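Here's the structure, in structure tokens; my notes come after.
Note that the numbering runs from 1 along the sequence shown for the chain. Since the model is a prediction, treat every value here as computed from it, not as a measurement.
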Amino acid sequence: MTTSSPGSPIAPYVHRRVPLDLGGRRLEFATCLDLFSSHQVDVGSRLLLRTMEPVLAERDTEASARVLDLGCGYGALGVALATMPAVASAHLVDRDALAVDFAAENARANGVEVTTSVSLGLAEVLRDTPEARYDLVASNLPGKAGAAVLSSMLLGALGVLAPGGLVAVVVIEPIRDLVASTLAREDLEVTLRRDTADYSVFHYRPAANASFPPPTDAFAAGAYDRGTLPFEDANEQPATITTVEGIPNYDRIDVIEDALTRRIPRIRAGQRVLVSNVAQGYLPAYVRSAQPEAHLILVDRDVLALRTARRALLALGAAEDRVETRVIGAWSEASAADAGANLVVGVLHEGGGAPAVVAEHVGLVATLAPGGRAVLAGGSTAITRLLAHKLPADCKASRTKHRGTSFLEVTRAP
Ligand SMILES: C[S@@+](CC[C@H](N)C(=O)[O-])C[C@H]1O[C@@H](n2cnc3c(N)ncnc32)[C@H](O)[C@@H]1O
């Protein structure tokens with residue numbers, strides 16, 4: 001019943017298909033090694049769904065509930081909820097575009113209609129549909145988001161509820177007390193709490209007569225900020241970037257990115273430089289210091305990384321019209337083929353398995369303008385495999401090595 005279409009961009013990223021049995025209905029989800037809970041539908045998500053079923057069953061038999069799945073991953077919660085008779089519509093969002101691609105494909109493969117979008121917390125949901133209100137906001141909340149981000153998600157969800165709406169979340173045991181204390185407020189009512197050894201579920205809603213306005217943008221308010229990261233730029237000048245929670249290397253320069261900066265060729269004014277996998281923004285900031293007149297195209301699957309890197313560049317004096325951001329989840333040849341990049345630099349994602357690395361490589365090479373060059377960092381095995389991969393006739397590839405890291409250089413003929 002649930003095969004993902006062979007032409008689907010997620011195909012190279014699929015690790016396996018996992019089942020979810022829901023009161024007689026069997027759903028199946030394509031998962032990815034690089035997404036949450038790739039071996040089975042998470043036990044916490046199942047627990048949350050079990051607590052939702054009676055709540056939804058109490059509603060009119062007519063499908064009327066509008067559902068938001070906040071942090072949808074590959075779609076287990078949102079797609080399952082969308083199959084329930086009381087649910088009229090489901091919108092699934094995640095900060096990770098690869099998760100969103102999987103969620104959309106999993107809905108399609110299970111014959112369920114949902115809408116999906118990339119959103120950092122509720123920011124893009126509110127930007128794109130400021131008036132949208134939900135009867136149910138469901139979330140298996142990230143366990144390592146940090147207190148400020150967690151609070152912005154827990155309380156922000158109340159601000160997008162329709163009258164009579166409910167928020168239902170599941171969290172892992174290490175953050176259960178933090179969640180309980182965040183929800184211990186007079187202006188909200190916890191209507192259900194269920195604890196197991198490893199998880200806690202909370203259902204809650206505004207207290208009678210209380211109202212929560214739509215939340216402000218948590219990123220802009222600094223909820224994600226972690227600290228500052230000093231570095232020496234391409235002109236050997238000291239510079240800093242503001243780092244965020246939830247992305248590695250908030251307090252040190254990543255050694256692979258650092259080695260990559262030593263391989264950046266001369267960039268001329270006006271050239272288009274695509275930086276892939278921007279992480280905390282160090283690589284784009286370094287590139288900009290090498291050539292302030294370059295046009296930067298920042299590409300990442302994580303909208304948090306894109307916002308962090310863009311903010312770093314603007315803080316370092318980059319003009320807004322020289323910084324473009326593109327969120328790309330599953331790569332294909334067509335993902336950014338219009339980029340016309342003179343230079344591509346980036347660290348390959350290897351967590352999704354070998355075919356996913358090939359898909360990303362093919363997509364990145366397709367962004368090169370005539371005469372363009374790509375410098376990509378990766379593990380030795382991955383680069384060996386990519387060297388064996390057939391490139392377009394006008395492209396040539398070579399490899400250099402530095403300690404444990406290999407660098408693949410691809411040039412396109414002028
Ligand atoms: C615990 S996983 C749950 C995934 C999925 N709902 C499930 O049940 O399998 C949390 C998800 O939230 C996403 N996430 C983390 N922080 C987020 C944020 N600030 N905004 C949106 N999504 C976020 C992660 O990418 C991840 O997919």
Side-chain angles (χ1 to χ4, degrees), residues 2 4 8-18 20 27-42 44-45 48-49 67-82 90-110 112 114-125 128 137-145 149 153 169-170 172 219 224 244-248 276-279 299-308 325-332 335 349-353 355-357 359-360 363:
T2 60
S4 70
S8 152
I10 71 161
Y13 293 78
V14 174
H15 166 55
R16 59 194 289 194
R17 294 191 161 71
V18 298
L20 176 65
L27 302 174
E28 209 174 72
F29 294 88
T31 71
C32 173
L33 281 171
D34 222 7
L35 293 177
F36 174 75
S37 207
S38 62
H39 56 296
Q40 61 166 13
V41 171
D42 178 55
S45 304
L48 182 60
L49 281 169
V67 172
L68 175 69
D69 179 355
L70 180 57
C72 62
Y74 54 72
L77 269 180
V79 171
L81 288 167
H91 188 52
L92 281 58
V93 301
D94 203 287
R95 72 179 227 204
D96 180 350
L98 184 63
V100 173
D101 287 347
F102 267 74
E105 177 62 19
N106 279 325
R108 193 205 61 74
N110 283 292
V112 175
V114 303
T115 52
T116 56
S117 62
V118 176
S119 183
L120 182 60
L122 293 156
E124 284 76 4
V125 173
D128 299 340
V137 178
S139 185
N140 182 342
L141 286 165
K144 292 186 183 154
V149 173
M153 292 172 96
V169 300
V170 63
I172 50 171
F219 178 85
Y224 291 82
V244 291
E245 296 271 6
I247 298 180
S276 174
N277 197 355
V278 297
V299 177
D300 207 289
R301 56 187 251 200
D302 183 357
V303 74
L304 174 59
L306 287 174
R307 289 191 72 179
T308 303
T325 56
R326 297 191 187 197
V327 61
I328 296 177
W331 275 94
S332 74
S335 297
H349 290 95
E350 292 179 52
V357 186
E360 184 176 353

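A pairwise comparison of heavy atoms in Ile10 and Ala30 identifies CD1-CB, 4.3 Å as the closest pair. Considering all non-hydrogen atoms of both residues, Ser45 and Val41 come closest at CB-CG1, 4.3 Å. Considering all non-hydrogen atoms of both residues, Ala80 and Leu20 come closest at CB-CD2, 3.9 Å. Smallest separation of non-hydrogen atoms from Leu98 and Ala330: CD1-N, 3.6 Å. Minimum heavy-atom separation, Gly329 to Tyr13: O-OH, 4.0 Å. Here the closest heavy-atom approach between residue Arg95 and residue Gly246 is recorded as NH2-O, 2.8 Å.
Summarising the geometry, atom OG1 belonging to Thr116 is positioned 13.0 Å from atom CZ belonging to Arg108; distances are rounded to the nearest 0.5 Å. Arg301 contributes atom CZ, which lies 12.0 Å from atom CG of Leu306 (distance to the nearest 0.5 angstrom). Thr308 OG1 to Ile247 CD1: the interatomic distance, rounded to the nearest 0.5 Å, is 4.5 Å. To the nearest 0.5 Å, atom CG of residue Leu27 and atom CZ of residue Arg17 are 14.0 Å apart. Atom CG of Asp302 is separated from atom CD1 of Ile328 by 13.5 Å, given to the nearest 0.5 angstrom. Going from atom OG of Ser37 over to atom CG of Asn140 covers 8.5 Å, rounded to the nearest 0.5 Å.
Between the side chain of Ser119 and the main chain of Val125, a donor-acceptor pair closer than 3.5 Å is present. Remark: side-chain polar atoms of Asp94 are not paired, donor with acceptor, to backbone N or O of Val100 under 3.5 angstrom. Counting only distance, with no hydrogens or angles, the side chain of Asp34 and the backbone of Glu350 share no donor-acceptor pair below 3.5 Å. Counting only distance, with no hydrogens or angles, the side chain of Ser38 and the backbone of Leu35 share no donor-acceptor pair below 3.5 Å. Glu360 places no side-chain N or O within donor-acceptor distance of the main-chain N or O of Ala356, the cut-off being under 3.5 Å.
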Next on the checklist: Using the rule given for side-chain contact (heavy atoms from CB on, under 4.5 Å), can you reason through Asp42 versus Phe36, listing the C-alpha separation, both sets of side-chain angles and the distance that settles it, and then say yes or no?
Outcome noted: CA-CA 8 Å; Asp42 178 55; Phe36 174 75; 3.6 Å; yes
Next on the checklist: Walk me through whether His91 and Ser117 qualify under side-chain contact (heavy atoms from CB on, under 4.5 Å).
Outcome noted: CA-CA 8 Å; His91 188 52; Ser117 62; 3.0 Å; yes
Checklist entry - Stepwise, does the side-chain contact (heavy atoms from CB on, under 4.5 Å) test hold for Leu70 with Met153? => result CA-CA 8 Å; Leu70 180 57; Met153 292 172 96; 3.9 Å; yes
Next on the checklist: side-chain contact (heavy atoms from CB on, under 4.5 Å) for Asp300 and Asn277? Distances and angles first, verdict last.
Outcome noted: CA-CA 5 Å; Asp300 207 289; Asn277 197 355; 3.8 Å; yes
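Phe29 and Tyr74 have tilted rings, their planes meeting at an angle from 30° to 60° on a 0 to 90° scale.
Proximity of Leu68 to Leu122: side-chain heavy atoms (C-beta onward) are separated by under 4.5 Å at one or more points. Under the 4.5 Å side-chain criterion, counting only non-hydrogen atoms from C-beta, Val79 is in contact with Leu92.
For the residue pair Thr31 and His15, no side-chain donor N or O sits within less than 3.5 Å of a side-chain acceptor on the partner.
Leu141 pairs with exactly one of Val169, Val170, Ile172 by the side-chain contact (heavy atoms from CB on, under 4.5 Å) rule, that one being Val169.
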